[in-house]
Peer 1: 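Questions regarding the structure given below will be posed in turn.
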Amino acid sequence: MGQHNNNSSNGSNSGGGGGNHHNKHIQGNTDEEDFDFKFSQCFGDKADIVVTEADIITAVEFDNSGDYLATGDRGGRVVLFEKNNESKHCEYRFLTEFQSHDAEFDYLKSLEIEEKINQIKWLKPTQKSHFLLSTNDKTIKLWKIYEKNIKLVSSNNHTLDDTSSTNRNKWKTIKDLTLPKLSQHDKIIAAQPKKIYSNAHTYHINSISPNSDQETFISADDLRINLWNLNIPDQSFNIVDIKPTNMEELTEVITCADFHPQFCNLFMYSSSKGTIRLCDMRTNALCDYKPKIFEEFLDPNNHNFFTEITSSISDVKFSPNGRYIASRDYLTVKIWDINMDSKPIKTINIHDQLKERLSDTYENDAIFDKFEIEFSGDSKSLMTGSYNNNFMIYPNVINNSIDDTIPTIVKDFNSTSTSSRHKQSSSSSSSSHSHSQHSHSHNNNSHSNNNNSRNNNSNPDDMDYEMNDIDSNSTDKSNNLFTNEIVLQADKAAFKSKRIGSMNQRSNKIKDWGDDIDFKKSILHFSWHPRENSIALAATNNLFIFSAL
Amino acid sequence: MGDDFRRKMLLSHLGRANEILGGPSSEYEEESENDTLGSLSNFQDRSTNSHRSAMSILKIENKKKLNLSGDNNEEDSRLPSWKDFFDNNEIVELKQRNYRFNTYFTIPSIDEDELLKMKSIPFFVFHHGAGSSGLTFASLAKNLYKRLNGNCGSFSFDARGHSMTKPIDDTIKTDYNRASFIGDFVALFSSFFDKHLLDKTKLLSKISIILIGHSFGGSVCTFSFKEFMPMIRKYIEGVAMFDIVEEAAILALKEVDKFLQKTPNVFTSNKDAINWHIQHGLCKSKPSAEISVPALFKKSSSGKIVRITNLKSFVPYWDTWFKDLSKSFVALPTSKLLILAGNDNLDKDLIVGQMRGKYQLVVFQDSGHFIQEDTTAKAALTLIDFWKRNDSKNVVIQTNWGTPPQP
């Protein structure tokens with residue numbers, strides 16, 4: 001093994017050894033640095049004995065610039081953070097907090113409507129204010145966040161003179177009186193609900209998505225999707241309705257909906273049966289008319305008792321460039337090309353170790369957990385969460401998948417330099433590494449500097465051999481052979497700045513759950529900064545920020 | 001809660017599959033009974049509409065360690081309950097109204113000999129106002145009972161859309177226009193009358209029913225009078241309205257939006273809610289507030305209490321509520337009492353009616369809108385007077401003819 005380096009949690013990759021530096025100029029290494037996510041900040045009460053349920057974070061979202069970060073919690077509060085742009089590290093500070101939603105009671109159904117924030121989505125800001133949409137199960141609110149100058153009276157007639165009794169006689173005439181003077185005292189950040197979109201959903205709202213036209217947005221509940229105009233809070237159009245006339249025949253619910261980031265007429269929604277429907281609003285008022293259906297055919301022989309539940313898509317997102325769709329179901333992430341609906345271009349198994357534990361997850365309801373999926377700002381990488389406070393980043397997984405022109409680039413960490421030369425000849429800038437058949441392989445990618453020392457020792461023959469190997473495997477699509485995976489943990493362990501071992505060694509160690517899976521520690525909600533490799537994620541009541549800067 | 005729907009659907013599918021196949025899920029359940037998975041052992045039964053078990057574990061730990069909601073429970077148990085004010089609490093299901101009404105009542109239990117000596121026994125029937133509940137009259141009922149030594153009866157209930165009265169079939173649209181409330185009131189009291197009073201013939205022969213309505217309830221009582229069946233109507237001796245004047249009510253409705261904005265719908269505890277109501281002058285008497293305010297709220301899963309009635313849902317029906325109230329009240333063919341609080345701004349019909357002596361007007365200066373809660377004693381005395389004076393059974397006309405002159 002090469003030398004081990006301990007990287008500080010704040011600094012960028014310091015040099016491992018002098019001789020390795022020049023390797024950094026090669027594309028491959030800079031990519032590795034790009035994904036060296038380190039713990040940056042943690043907000044929240046880190047004591048983990050008892051968590052007040054109201055503090056559990058249920059939504060995390062960066063705004064379109066990345067300068068602001070919003071979190072929503074079970075108590076209906078929204079907390080905003082602002083980026084400290086003066087620091088070269090990724091640093092956020094608390095900006096403001098407001099109570100977005102409150103509990104309500106539905107008299108007729110005798111049901112309580114929770115104040116838990118299900119989603120927050122930012123809109124484009126105006127010059128002076130920021131706007132976001134926040135939603136609970138039944139009501140969506142448009143919030144305006146702006147700076148308010150507080151003016152206070154700085155001087156009035158009392159202060160103008162001495163209050164000693166002798167001078168009281170100064171006020172002889174009315175001309176001596178003056179109006180009180182106001183002066184700027186303080187700036188506070190104020191939040192105001194500008195519109196409240198209510199009474200449009202019989203079932204619980206699971207997602208909202210603003211349109212690229214910044215005038216409309218959709219809200220989706222279990223059976224219906226409504227289209228709203230931001231300016232009209234008391235009316236909405238129903239554009240998707242999958243409610244069967246006989247509720248006994250209900251087999252499928254809507255789980256998530258998203259507007260296309262560029263085309264204002266396209267949106268998609270995912271279902272509990274594992275299908276994604278891409279709809280065009282121009283074809284019909286009710287957008288069920290011949291949508292494009294993205295569904296992977298799974299051989300029924302491979303079905304098990306739980307397949308119906310695990311195939312339910314919990315989150316679906318368009319890539320920021322609008323070319324890909326990523327969907328997350330309980331065990332996998334699927335990447336789809338928007339133009340190809342027959343099968344996903346890639347399937348990533350997130351936590352294979354759960355496959356044997358499905359019965360446990362069914363008993364404790366963990367199987368119904370809804371994990372999110374996030375694209376990086378450049379549409380190349382993905383991130384999702386798991387249990388034991390683990391979260392996974394798949395760097396450059398998109399480019400990697402679609403490059404059929406080059407034999408899929410192979411690299412194990414022994415031959416970083418040779419393959420990177422290959423990469424320069426290809427248009428893709430991905431860094432892919434070979435992966436042995438073991439799920440716990442130690443040949444996972446490495447981003448640390450340890451391996452640079454081995455770069456120069458690669459044997460071209462070795463590489464050829466690996467290439468052949470991979471050719472035979474290149475037909476196998478649904479495996480992690482060519483997928484980098486970085487596994488990190490959002491836990492007290494992250495605070496420690498000591499990093500022992502290579503990135504993939506650490507990833508494997510973190511992922512080795514054994515029998516000890518803490519299902520209460522799930523990373524369900526997170527957001528990726530739109531312009532840099534920084535991520536914010538929620539671990540029960542704590543907000544973690546990791547950054548590769 | 002959001003996944004409940006998907007989860008319920010999936011579980012019901014699996015359940016059905018289970019029945020058909022005698023399938024695997026039953027096996028898993030058996031296994032889990034044998035296995036002891038330490039940290040997962042105290043999860044709740046799936047068949048209940050519960051949160052994820054992890055969340056429930058958090059809640060249980062929360063309660064045990066911080067005893068937060070434990071404190072609330074203790075506080076709540078120190079609050080009075082309906083039992084301190086009424087003898088019975090009955091849920092009456094009326095299919096034709098599509099509602100299950102929550103009713104409170106006390107029937108005088110007087111033995112027959114005593115009964116013969118009495119001339120008349122008042123029976124007070126209450127209807128609460130919008131946003132209130134049947135327990136707003138609890139203090140008044142108790143006060144009347146004490147003053148009359150138990151020789152009176154009382155009946156109060158939660159109207160539709162309020163407190164613990166619930167629709168039977170929630171898919172049928174509910175109307176909140178005055179006619180619906182009148183229909184409910186008449187049907188409910190008629191059913192009560194048939195069930196509890198009809199068979200007590202001796203008691204019934206002495207009964208004098210007085211209808212008392214507070215605010216919107218007054219409007220309901222006024223218009224219900226003629227809707228009662230003659231058999232019941234003949235027992236009604238009078239109608240009383242508490243703090244309601246048609247014109248003033250319509251004007252006040254215009255301001256209701258502001259009022260609703262200022263009034264919070266969520267409080268952290270019953271104690272908080274009671275204090276808020278008192279501080280904001282909605283209730284002047286703490287003992288009354290302690291019984292009437294908690295009835296307006298329901299405890300939510302997060303420990304906070306949420307207001308049950310959404311007053312906004314009545315907005316479309318307001319224009320039906322007070323239409324022609326003053327005219328109709330003045331024209332009622334029975335004894336009438338109007339108690340107003342603070343301001344005595346009568347509208348034209350009421351002024352004319354008063355000048356003609358059509359009804360008794362009483363003004364309480366030191367009361368807020370909730371007369372029955374703020375000035376319970378005065379209201380009780382006024383009602384008792386009203387009953388005594390107007391009850392035909394009480395009146396004994398001394399005649400000189402008929403009895404032979406004494407030698």
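The model shown is predicted, which means the values in this text are computed figures rather than measured ones. Residue numbering restarts at 1 for every chain, and letters A, B, ... go by the order of the sequence lines.
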Peer 1: So, do A/Ile309 and B/Arg7 sit near enough that their side-chain heavy atoms are less than 4.5 Å apart?
Peer 2: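 Answer no - side chains too far apart.
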Peer 1: Do you know which of A/Leu250, A/Thr255, A/Ile205, A/Asn206 has the most heavy-atom pairs under 4.5 Å to chain B?
Peer 2: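 If we count pairs closer than 4.5 Å to chain B, A/Leu250 comes out on top.
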Peer 1: Quick one: what part of B/Leu10 sits under 4.5 Å from any heavy atom of chain A, side chain, backbone, both or neither?
Peer 2: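 Answer is side chain: those atoms of B/Leu10 sit under 4.5 Å from chain A.
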Peer 1: Identify which part of A/Glu252 has an atom lying under 4.5 Å from any heavy atom of chain B, answering side chain, backbone, both or neither.
Peer 2: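 Contact with chain B: backbone only.
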Peer 1: Got more than 12 heavy atoms from elsewhere within 6.0 Å of CG, A/Asp241?
Peer 2: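 Yes - once you tally the heavy atoms of other residues, nucleotides and ligands closer than 6.0 Å, there are more than 12.
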Peer 1: Using non-hydrogen atoms and a limit below 4.5 Å, what part of residues 257-267 of chain B faces chain A?
Peer 2: B/Val266
Peer 1: Is it the side chain or the backbone of A/Thr251 that comes within 4.5 Å of chain B heavy atoms, both, or neither?
Peer 2: both
Peer 1: Sequence neighbours left out, what passes side-chain hydrogen bond (donor to acceptor under 3.5 Å, both in side chains) with B/Tyr104? Give chain and number order.
Peer 2: B/Asn102
Peer 1: Given heavy-atom pairs under 4.5 angstrom as the criterion, report whether the side chain, backbone, both or neither of A/Ile113 touches chain B.
Peer 2: neither
Peer 1: Report the residues that fulfil salt bridge (charged side-chain N to carboxylate O under 4.0 Å, His left out) with A/Glu61, sequence neighbours left out, ordered by chain and then residue number.
Peer 2: none
Peer 1: Mind ranking B/Ile305, B/Thr309, B/Asn310, B/Ile308 by heavy-atom pairs under 4.5 Å with chain A and telling me who comes out on top?
Peer 2: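 Most heavy-atom pairs within the cutoff with chain A belong to B/Ile308.
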Peer 1: Does the side chain of A/Glu114 reach to within under 4.5 Å of the side chain of B/Ser300, using non-hydrogen atoms?
Peer 2: no
Peer 1: Counting only heavy atoms closer than 4.5 Å, note whether A/Ala54 contacts chain B via side chain, backbone, both or neither.
Peer 2: neither
Peer 1: So which residues of residues 163-174 of chain B are in contact with chain A at a heavy-atom cut-off of under 4.5 Å?
Peer 2: B/Ser163, B/Thr165, B/Lys166, B/Pro167, B/Asp170, B/Thr174
Peer 1: What is the ring orientation for B/Phe5 with A/Tyr203, classed by angle as parallel under 30°, tilted 30 to 60°, or perpendicular over 60°?
Peer 2: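 Ring orientation, 0 to 90° scale: tilted.
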Peer 1: Looking only at side chains, do A/Ser312 and B/Arg6 share a donor and an acceptor under 3.5 Å apart?
Peer 2: yes
Peer 1: Measure the CE-CG distance between B/Met9 and A/Asp222 for me, rounded to the nearest 0.5 Å.
Peer 2: 8.5 Å
Peer 1: If you look at every heavy atom in A/Tyr107 and B/Arg160, which pair is closest and at what distance?
Peer 2: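 Taking every non-hydrogen atom into account, OH-C, 3.9 Å.
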Peer 1: Does the side chain of B/Leu11 reach to within under 4.5 Å of the side chain of A/Phe368, using non-hydrogen atoms?
Peer 2: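 Yes, close enough: below the 4.5 Å cut-off.
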Peer 1: What are the two closest heavy atoms between B/Val306 and A/Phe105, and how far apart are they?
Peer 2: CG1-N, 3.6 Å
Peer 1: Hey, could you give me the CD/OG distance between A/Glu115 and B/Ser301, rounded to the nearest 0.5 Å?
Peer 2: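 The CD atom of A/Glu115 sits 7.5 Å away from the OG atom of B/Ser301.
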